[in-house]
Amino acid sequence: MSSPVSHPETTTTPSPNKLSVCFVCLGNICRSPTAEGVFTKLVVDAGLRGRIRVDSVGTGAWHKGERADKRARTEAQRRGYDLQSVARQITTADFTNHNLLIGMDLTNLRELEALAAKSNGTAKISLLRSYDPLSPTDAEVPDPYYGGVEDFTRMFDMVEAACKGLLARLRSEWGL
Ligand code: 4NP
């Protein structure tokens, strides 16, 4: 197995001309690393690497230090993504270090709202699929961890659609 990649970006505060986006799930080994990998590729392909920082984090600590789940990495490779994340648990500093904290499901959202109340940060909290114009209100990215390969495939489809919408939104709202 290759060695974990460090995450130096998580200690940097947002700069005025670099937007910082952090995806959030429960374990930080399936959904949010997938969103980080998919969105990073979109950002790089759009030539916006210097303008948008991408990160991910979990609300739980069980998988701290682990690379993304093998099933997610396999599907990522099949679709041309590289999942670089090493799992970590969210802290109140994430509300200061990022402009956007984007949860995968409503439980993530509730946890984020509770933590936001204890932080001084100003990060905006939202749900990933809210950026997909074809998703219904409050649509979630379901947790695939206890599922099969097909649940990971569906998860990637949802994440890809929403990440495209997210980039379009950021381009128009932030003038990128
Ligand atoms: P994730 O999936 O939140 O998408 O990373 C999970 C991974 C592990 C666990 C739950 C969800 N777990 O309970 O260990």
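It should be emphasised that the depicted structure is a prediction, and the values quoted were computed from it without experimental measurement. All ligand and atom numbering here is 1-based and tracks the order in the structure.
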Next on the checklist: Checking Ser126 against Tyr131: is there a side-chain donor and acceptor pair closer than 3.5 Å?
Outcome noted: yes
Item to check | Residue pairs involving residues 153-162 (criterion salt bridge (charged side-chain N to carboxylate O under 4.0 Å, His left out); sequence neighbours excluded) | outcome: Arg79-Asp157, Arg79-Glu160, Asp151-Arg154
Checklist outcome for this item: Expected contact list for ligand 1 at under 4.0 angstrom, heavy-atom basis, is Cys25, Leu26, Gly27, Asn28, Ile29, Cys30, Arg31, His63, Asp143, Tyr145, Tyr146
Next on the checklist: Under the criterion salt bridge (charged side-chain N to carboxylate O under 4.0 Å, His left out), I'd like the reasoning laid out for Glu113 against Arg110: C-alpha separation, chi angles, the key distance, then a yes or no.
Outcome noted: CA-CA 5 Å; Glu113 278 157 8; Arg110 277 193 292 273; over 6 Å; no
Item to check | Pairwise side-chain contact, Leu42 with Lys164, heavy-atom cut-off 4.5 Å (strictly under) | outcome: yes
Next on the checklist: If the condition is ring pair (Phe, Tyr, Trp, His ring centres under 6.0 Å), which residues does Phe95 pass it with, not counting sequence neighbours?
Outcome noted: none
Checklist outcome for this item: Phe39 meets the ring pair (Phe, Tyr, Trp, His ring centres under 6.0 Å) criterion, sequence neighbours left out, with Phe23
